[in-house]
Structures are given as structure tokens and as C-alpha cells.
**Q** 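Mind looking over this structure? Questions follow.
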Amino acid sequence: MSKEITSREQDYSKWYNDLVIKAGLADYSAVRGCMVIKPYGYALWENMQAALDKMFKDTGHQNAYFPLFVPKSLFEKEEENAEGFAKECAVVTHYRLKVNEEKKGSLMVDPDSKLEEELIIRPTSEAIIWSTYKNWIQSYRDLPLLINQWANVVRWEMRTRLFLRTAEFLWQEGHTAHATADEAIAETKQMLEVYATFAEEWMAVPVVKGVKTPNERFAGAVDTFCIEALMQDGKALQAGTSHFLGQNFAKAFDVKFSDKQNKLDYVWATSWGVSTRLIGALVMAHSDDDGLVLPPKLAPIQVVIVPIYKGDEQKAAIDEVVNKLVKELKAADIRVKYDDSDNSRPGWKFAEYELKGVPLRIGIGARDIANSVVEVARRDTREKLTLPLEDLAINIGKLLHTIQESIYNKAFAFRETHITPADSWEEFLVLLETKGGFISAHWDGTAETEEKIKELSKATIRCIPLNNAQEAGACILTGAPSEQRVLFARAY
RNA sequence: CGGGGCGUAGCGUAGCCCGGUUAUCGCGCCUGCUUUGGGAGCAGGAGGUCGCAAGUUCGAAUCUUGCCGCCCCGACCA
């Protein structure tokens, strides 16, 4: 019908775009490279935010908000960071428009409003935050400083994709300051764990935790840890990063504290973030050719109830049963929608909620009421079962739990069968072309080889997994000795 | 920035090569009736600066030139 979705097999990236648009997650906007997040997509983001925010608070963090604009002089203080982002920064140079006298009805930049100093629109907030932390930190008693902010950032990407890479996106960025390196490293790893837990338990997306190579490291970081997810097309997606920043920013912004012995030292820093890109990960990890498949824990609507009736009398009888059921479900903290709109018929609604990835659908008609049952349909497996009205809320709760586990297990099984060892360059290339996924291979540890492999195969080193098994071997490309395998993949 | 594609109603499109009444069709929308267990049927109706601008012409969605925008592929990407 009008909502045909391109199949994954036919064109995976078109399938993705179709889903995002047709399921109502987002829309293209009048601004190149920017998208509108629609209510359904935003509801998904709010659910992610709520879960993450609680995890941040539970680990001792507080939220704050810092400015969108970063004066250029501050931005450039941490040199590596500044250079890393320089190519993708939007810059504000003027603060006023005026009427264009030469062309009626149009405005022009007022040349008299040139700023003394340009303002960078934050691509990330280390600079503005560390210039502030300087004033907040004097003593070890001020540490650790554990702050997170929910914000938008702008990175002027050449090529964009809905949710996966847009010029402006929403994210959270944690910025912490510590008295010791060990403590900062512990924080970095703790937040990586938080992200991994969120991805696996809430999004039902299994991830590999690892360390980035120097090449792939965040500009200005000493170490970048990441979680890497695998999409259904065999491409990897970086789903979150946590950075140990050492004393780089403290030195750049002169942030020192007195320790217990009244000795001055620079503080140790971390930063960590996840973005609306996670929505893209969610879509690509679970969905099928009929639409989204959302994990119950994040789905804006967990259960939709569709009435099937002839005439007002039947409708009234159904309403009575459903209203009671809705109350029970809500009491059990289940997000339920009763769609009794008369605009569309049941069949249309079935397809629509499947497109939107609602985990469970309850169908209820006169026949069911007579038998005190309902029809329950699972989005993930397409199974339909008949359940008694009695104790339905309890059973629905259990089913939602089952679905959450089931889609995780499915994604996990896919991931496990798509980590493939390769021991020769030929094998490496064939695997990339035919199977995709992560390829576990030896690497000689040099940036040159990493670059060369990327150039020849389009695959990058996604990470060196944490607690990686040490194993002597020979580099896949150069044959030079190697102590461990690393994970390669083509990536988003 | 290079290569490709597209721009006609809210969405998807035909017409364009070869200029000529009132711009095609489907979905959606509005009204009414019948319907409702997998994207309903019938009848009636509303909705258009044919991306923008200039040009050629008696006449331009159609031809010419310029511009704008978006999508896809590549280069780029904590």
C-alpha cells in the first residue's frame, strides 16, 4: 500500500530510511543535514534519557547546563582537541541582521555587527566546561566533580544520515574531575559499564567493550573506551564512548587543586557520551521488513489494544472490558494505548502498529468477550496467542519481559556468529565481502598498517576488546609479530 | 568538493523526447451511506505559483540559459 518499505535485501540503507520516515521517528528538515525528531521518535529518546539519567544519578552525577557558544580563544586552548574538531565547526561571526535596502523583503548580515571574537557552536563542550571548572576547583575537597549535561551539539558533517550522523544532534556528555589518575580511569570504565548495561539491558543490543587505537581515539584523550554494536547488515556502529583525558584539559585550562599535603597538582579528567545515534542503532539492530521492532523497556507504547466490533452495542461492551483492562495494565506500569479511533479499520491498525514496532497487540471482539479471552500478537515473532482476561495484566507483563530477552538473544546470536577470526589477508578480504561483521585478526600495532588496511579494505579497527586474550601471531597485512587479535569491521 | 538521480496537490506519480482546450492516476483528506477478526466498498466533493528566475514563442509542465533545494554513491567523520 502507501507505506511500502524497501526490503533489507533489496537496499539496506533505503530500508533504514524508509523505516525512520514511515514509522514516524523523524523527518527531513528545511536545513541541510538536520532532521526533525517527530513525537514518536522523541518519545523513544525520552525513554532512553530517563533510563540513562537514572543510571548517571545512581553513580553520583548531577546534571548542569553550559552554553552553546564557545569563544574561539577557549576552544583552541586544548590544541589536539581543537584541531580534531576544527574541520567541522560552525562559527558565529555576527550578531545582527538588517533590512536589505537593495532587495525588498529580505534581510542581510549587518556588517557593523561583526563580533570581536568568533563564537564556535559547540561540537563538544570540554572547552567551555573546563574553563568553568577552573573556578570551581581549588581543593581536593571539591573533588571529584561529577557532572553531566543533556544538550545539542553541531558537527558540520559532509554527508549525513538520519540519526546516525546529522549536523546537529542531541546527546549527553559527562565531564568529571578527579584527584588521581586511578580514580579518573575507574570513572571512565564505570561509565563504559553503564553504557554497556544500558545497551544490553534496555536496548537489547549486545555490545563489545573495548579500547580505541590511537588513530581512532578522541582528540585530546589519553585513552578512548567504546562500546561497539553490530547491525544486521554486518556493519559495526560505535554506540558510546568514554574517555580518560589524563591532565590534558586541566593543563590547557589551568585547573589545579591542593591535595591533603597542600601540594598543587592538575586534576584528572574524563568525558563520556551517547547520542540520538542510539536510536539508529536500535532501528538497525532489531527491525524487519514490516517495520520497527522495539524492545519493550524503551517502546513508547508497549501494548496497543485494538477493538473489533460491529455496531455501537458491541463497541460499548468492548469499551467496558477494555477500560478495566487499561486500568490494570497501567497499575502494573505498562504503557498501553487503546486505539478505538473510528478512522481506520482493524487491519489497517494492525499494520500500522507493526510498522511502529509496538511489542504487543491485543485484539478484542465480541467473540472474545463471550469467551473471556483476548488475542495477543507478538511483534517480534509474529506469534498470536489467545489469553484469558483473568490475570491478563500479569501475563502481559511476563510476555513483555520475554520479548525483551528474546530480541536480545536473537541479536546476541547474530553477533556471536559474526565475530570471525581471519588468519590471512585473502581470508580477511573475502570475509569482509561475503559475511561482514567483526573480523578478529592480528595487527602489528602500527598506525601505518591500520591506515593501509583501511585504505585497502575499508575496514577499521573498531576496538581492542577489554580483557582480550593474549595470543602470539602475525599481522594480517604485514606479517609482523603481534600479541593479540583486534576487531576489524566496516562501520557506520 | 566530484559522480549519479530527482523536483508536478499532504504523499507517490503520468505527461516532457515531439510545445496547443479544463495537467493524469493512485493513496490520503472532506460529506453521506454501508462496513469493521489482516491495510474496506460505493456515491459525491475539495485541493495545483508544474522548485525559482529570465528567455524563445501567438502559446511553455514540455524548448534554452542561469539559479536553488533535496536524495543516493564517493572523498571526510570524537
Side-chain angles (χ1 to χ4, degrees), chain A residues 1-6 11-14 16-18 21-22 27-35 78 80-89 122-127 153-162 164-167 169 171 173 212-221 223-226 237-243 245 271-275 277 290-291 306-312 314-315 318 339-355 361-371 373-377 382 384 386 454-455 458 460 491-492:
Chain A
M1 296 292 290
S2 62
K3 294 220 169 158
E4 282 290 299
I5 297 167
T6 309
D11 186 340
Y12 191 85
S13 88
K14 194 152 190 284
Y16 173 80
N17 284 337
D18 280 359
I21 299 292
K22 290 177 179 171
D27 221 338
Y28 292 108
S29 74
V31 193
R32 180 211 293 272
C34 294
M35 65 174 177
E78 208 296 320
E80 271 192 47
N81 184 254
E83 281 176 17
F85 282 105
K87 296 184 302 293
E88 44 187 329
C89 286
R122 64 180 168 214
T124 180
S125 300
E126 274 79 2
V153 287
V154 169
R155 294 178 189 178
W156 215 263
E157 303 288 353
M158 291 187 195
R159 205 174 144 212
T160 56
R161 295 200 64 190
L162 296 168
L164 299 175
R165 177 169 292 109
T166 47
F169 58 91
W171 76 344
E173 46 181 326
K212 288 291 188 189
T213 61
N215 256 351
E216 301 275 329
R217 194 182 281 156
F218 175 68
D223 253 322
T224 288
F225 296 85
C226 62
L237 184 103
Q238 178 177 300
T241 49
S242 184
H243 316 290
L245 302 174
S271 70
W272 27 274
V274 295
S275 71
R277 179 178 235 210
D290 294 313
V306 176
I308 296 140
Y309 59 93
K310 296 176 190 171
D312 292 345
Q314 284 192 3
K315 174 65 172 33
I318 292 170
D339 186 354
D340 67 341
S341 62
D342 201 25
N343 303 334
S344 40
R345 296 167 72 250
W348 193 91
K349 291 178 184 172
F350 293 173
E352 184 65 16
Y353 290 108
E354 277 158 13
L355 173 62
R361 181 188 73 234
I362 297 178
I364 178 163
R367 221 159 62 200
D368 302 307
I369 289 185
N371 299 319
V373 297
V374 295
E375 182 194 77
V376 177
R382 296 313 197 77
K384 285 182 188 175
T386 302
K454 182 179 176 183
E455 191 189 314
K458 290 183 182 168
T460 50
Y492 278 99

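Every chain is numbered from 1, with letters handed out A, B, ... down the list of sequences.
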**Q** Which value, in whole Å, describes the distance between the P atoms of nucleotides C50(B) and G37(B)?
**A**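 Taking atom P in both C50(B) and G37(B), they lie 42 Å apart.
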
**Q** State which residues pass ring pair (Phe, Tyr, Trp, His ring centres under 6.0 Å) with Tyr309(A); sequence neighbours excluded, sorted by chain then number.
**A**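 Here no residue qualifies.
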
**Q** What's the spacing between Tyr492(A) OH and Arg165(A) CZ if we round to 0.5 Å?
**A**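 Taking OH in Tyr492(A) and CZ in Arg165(A), the distance rounds to 11.0 Å.
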
**Q** Grab the CH2-P distance between Trp348(A) and C27(B) for me, whole Å please.
**A**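 Taking CH2 of Trp348(A) and P of C27(B), I get 15 Å after rounding.
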
**Q** If the condition is ring pair (Phe, Tyr, Trp, His ring centres under 6.0 Å), which residues does Tyr12(A) pass it with, not counting sequence neighbours?
**A**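 Applying ring pair (Phe, Tyr, Trp, His ring centres under 6.0 Å) to Tyr12(A) gives Trp15(A).
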
**Q** Which part of the nucleic acid, if any, lies within reach of Arg217(A) when heavy atoms closer than 4.0 Å are counted: base, sugar-phosphate only, or nothing?
**A**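 Here Arg217(A) touches the backbone only, sparing every base.
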
**Q** Considering every strand and a 4.0 Å limit on heavy-atom distances, what is the contact class for Phe169(A): base, sugar-phosphate, or nothing?
**A**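 Since a base atom lies under 4.0 Å of Phe169(A), the category is base.
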
**Q** Please tell me whether Glu352(A) and Ser344(A) have a donor and an acceptor in their side chains that are separated by less than 3.5 angstrom.
**A**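 The answer is no; no qualifying pair exists.
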
**Q** Looking at Arg345(A), does any N or O in its side chain come under 4.0 Å of the phosphate oxygens OP1/OP2 on U35(B)?
**A**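 For U35(B), OP1/OP2 do not have a side-chain N/O of Arg345(A) under 4.0 Å.
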
**Q** Report the secondary structure of RNA chain B in dot-bracket form, marking unpaired bases with a dot and bases paired to a different strand with |, and treating Watson-Crick or G-U pairs with both distances under 3.5 Å as paired.
**A** (((((((..(((.......[....))).((((((.....)))))).....(((((..]....))))))))))))....

**Q** Could you check how far CD1 of Ile308(A) sits from C1' of G38(B), rounded to whole Å?
**A**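 Computing the Ile308(A):CD1 to G38(B):C1' distance gives 9 Å.
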
**Q** What is the nucleic acid contact for Gly84(A), judged by heavy atoms within less than 4.0 Å: base, sugar-phosphate only, or nothing?
**A**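 The answer is nothing, as Gly84(A) stays clear of every strand by at least 4.0 Å.
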
**Q** Would you classify Arg367(A) as touching base, sugar-phosphate or nothing, given that sugar-phosphate means primed atoms plus P, OP1 and OP2, and contacts are heavy atoms under 4.0 Å?
**A**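 Base, at least one base atom sits under 4.0 Å.
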
**Q** Can you check whether any acceptor in the base of G39(B) is under 3.5 Å from a donor in the side chain of Glu354(A), or vice versa?
**A**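 Checked by distance alone, the answer is no.
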
**Q** Can you find a donor-acceptor pair, distance only, under 3.5 Å between Arg361(A) side chain and G38(B) base?
**A**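 Flag set: donor-acceptor pair detected.
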
**Q** When all nucleic acid strands are considered with a 4.0 Å heavy-atom cut-off, which category describes Phe85(A): base, sugar-phosphate, or nothing?
**A**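 Touches a base.
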
